[in-house]
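Presented below is the structure to which this report refers.
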Amino acid sequence: MSVEERLRELGIELPPPPKPLGAYVPTVQVDDLVFVAGMKASIGGEMKFRGKVGSDLTVEEGYEAAKICALNCLSALKEALGSLDKVERIIQVFGFVNSAEGFNQQPKVLNGASDLLLKIFGEKGQHARIAVGSNELPEDSPVEVAMIVKLKT
């Protein structure tokens, strides 16, 4: 089954690719690797969640925000590649959680992105991951996710 078919089967529609907030591009391809810039928890330019996980938002809300970030990464990737079927494997996911003081459950929040990638890509979605806390993120996003993807050759 293709990735595009899998998305339809899961009822997942990718949001429009987010516009960069600064002087960078959403993706950079080097040989068979694509580096996807950090994406926030917005759809169509509208933030779906705002604030710090652990005070303004629950872990569950942070988990949902991480899913949106991962979908934005995939949207940027699809725009760059034309099709997600060109993805061989998700190599690494970088996750930053806008964390309240004393909050230390960043891995549970980032599972939102990781679980989604596993549902979509199966074994090809298994990846290494970094999950760190941050005291602030752009536009008060609760989560930011970036990734490195290997392409089929």
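Pairing each heavy atom of Val59 with each of Gln105, the nearest pair is CG2-OE1, 3.8 Å. Of all heavy-atom pairs spanning Met1 and Glu9, the tightest one is CE-OE1, 3.0 Å. Here the shortest heavy-atom pairing between Gly62 and Val53 reads CA-CG2, 4.1 Å. Of all heavy-atom pairs between Pro17 and Ser75, the closest is N-OG, 3.1 Å. Ser134 and Leu137 make their closest contact through OG-CD2, 3.9 Å (heavy atoms, listed as atom of the first residue, atom of the second, distance). Considering every non-hydrogen atom in both Lys152 and Val87, the closest pair reads CE-O, 3.5 Å.
For the pair Glu61 (side chain) and Thr58 (backbone), a donor-acceptor distance under 3.5 Å is present. Checking side-chain atoms of Arg6 against main-chain N and O of Lys119 turns up a donor-acceptor pair under 3.5 Å.
No continuous path of ILVMFWY side-chain contacts below 4.5 Å connects Phe103 to Phe96, so the two sit in separate hydrophobic clusters. Connection of Leu151 to Ile148 is not established within any shared hydrophobic cluster, with ILVMFWY side chains joined at heavy-atom distances below 4.5 Å, either directly or through further cluster members. Val132 and Val143 are not part of a single hydrophobic cluster, where members link through side-chain heavy atoms under 4.5 Å apart. In the hydrophobic clustering of this structure, Tyr63 does not group with Val93; members are Ile, Leu, Val, Met, Phe, Trp, Tyr whose side-chain heavy atoms approach within less than 4.5 Å, directly or through other members. Residues Leu118 and Ile130 do not share a hydrophobic cluster, clusters being chains of Ile/Leu/Val/Met/Phe/Trp/Tyr side chains in contact below 4.5 Å.
In this structure the side chain of Asp56 never reaches within 4.5 angstrom of the side chain of Asn98, judged on heavy atoms. For the pair Gln106/Val109, no side-chain contact is recorded, criterion being any heavy-atom separation below 4.5 Å from C-beta on. Within the 4.5 Å cutoff, the side chain of Pro15 has heavy atoms near those of the Asn72 side chain. Residues Asp85 and Glu4 meet the side-chain proximity criterion, which asks for heavy atoms closer than 4.5 Å. Arg89 places none of its side-chain heavy atoms less than 4.5 Å from the side chain of Glu123.
Of the inter-residue distances, the one linking Leu7 atom CG with Phe121 atom CZ reads 7.0 Å to the nearest 0.5 angstrom. Within the model, atoms SG of Cys73 and CZ of Phe94 stand 11.0 Å from one another, a figure rounded to the nearest 0.5 Å. Atom-to-atom distance recorded for Asn111:CG and Leu117:CG is 11.0 Å, nearest 0.5 angstrom. Taken to the nearest 0.5 Å, the CG atom of Leu74 stands 5.5 Å off from the CG atom of Leu84. To the nearest 0.5 Å, atoms CD (Gln92) and CG (Leu33) are separated by 11.0 Å. In this structure, CG on Leu71 lies 6.0 Å from CD1 on Ile120, to the nearest 0.5 angstrom.
Ionic pairing of Lys52 and Glu136 is present here: one or more N-O contacts between side-chain nitrogen and carboxylate oxygen are shorter than 4.0 angstrom.
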**Q.** Test side chain to side chain contact (heavy atoms under 4.5 Å, CB included) applied to Leu110 and Val145, step by step
**A.** CA-CA 8 Å; Leu110 265 295; Val145 171; 3.9 Å; yes
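Not counting sequence neighbours, Arg8 has no partner by the salt bridge (Lys or Arg N to Asp or Glu O under 4.0 Å) test.
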Donor-acceptor contacts under 3.5 Å from residues 18-32 side chains, at least two apart:
| unit_1 | atom_1 | unit_2 | atom_2 | d |
| --- | --- | --- | --- | --- |
| Tyr24 | OH | Leu21 | N | 3.0 |
| Gln29 | NE2 | Asp31 | O | 3.0 |
| Asp32 | OD2 | Lys150 | NZ | 2.8 |

Counting only pairs under 3.5 Å, give me each side-chain donor-acceptor contact of residues 35-49, with atom names and distances, residues two or more places apart or in other chains.
| unit_1 | atom_1 | unit_2 | atom_2 | d |
| --- | --- | --- | --- | --- |
| Lys40 | NZ | Ser42 | OG | 3.4 |
| Lys40 | NZ | Glu139 | OE1 | 3.1 |

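Heavy-atom contacts from other residues, nucleotides or ligands closer than 6.0 Å to CD of Glu5 number more than 12.
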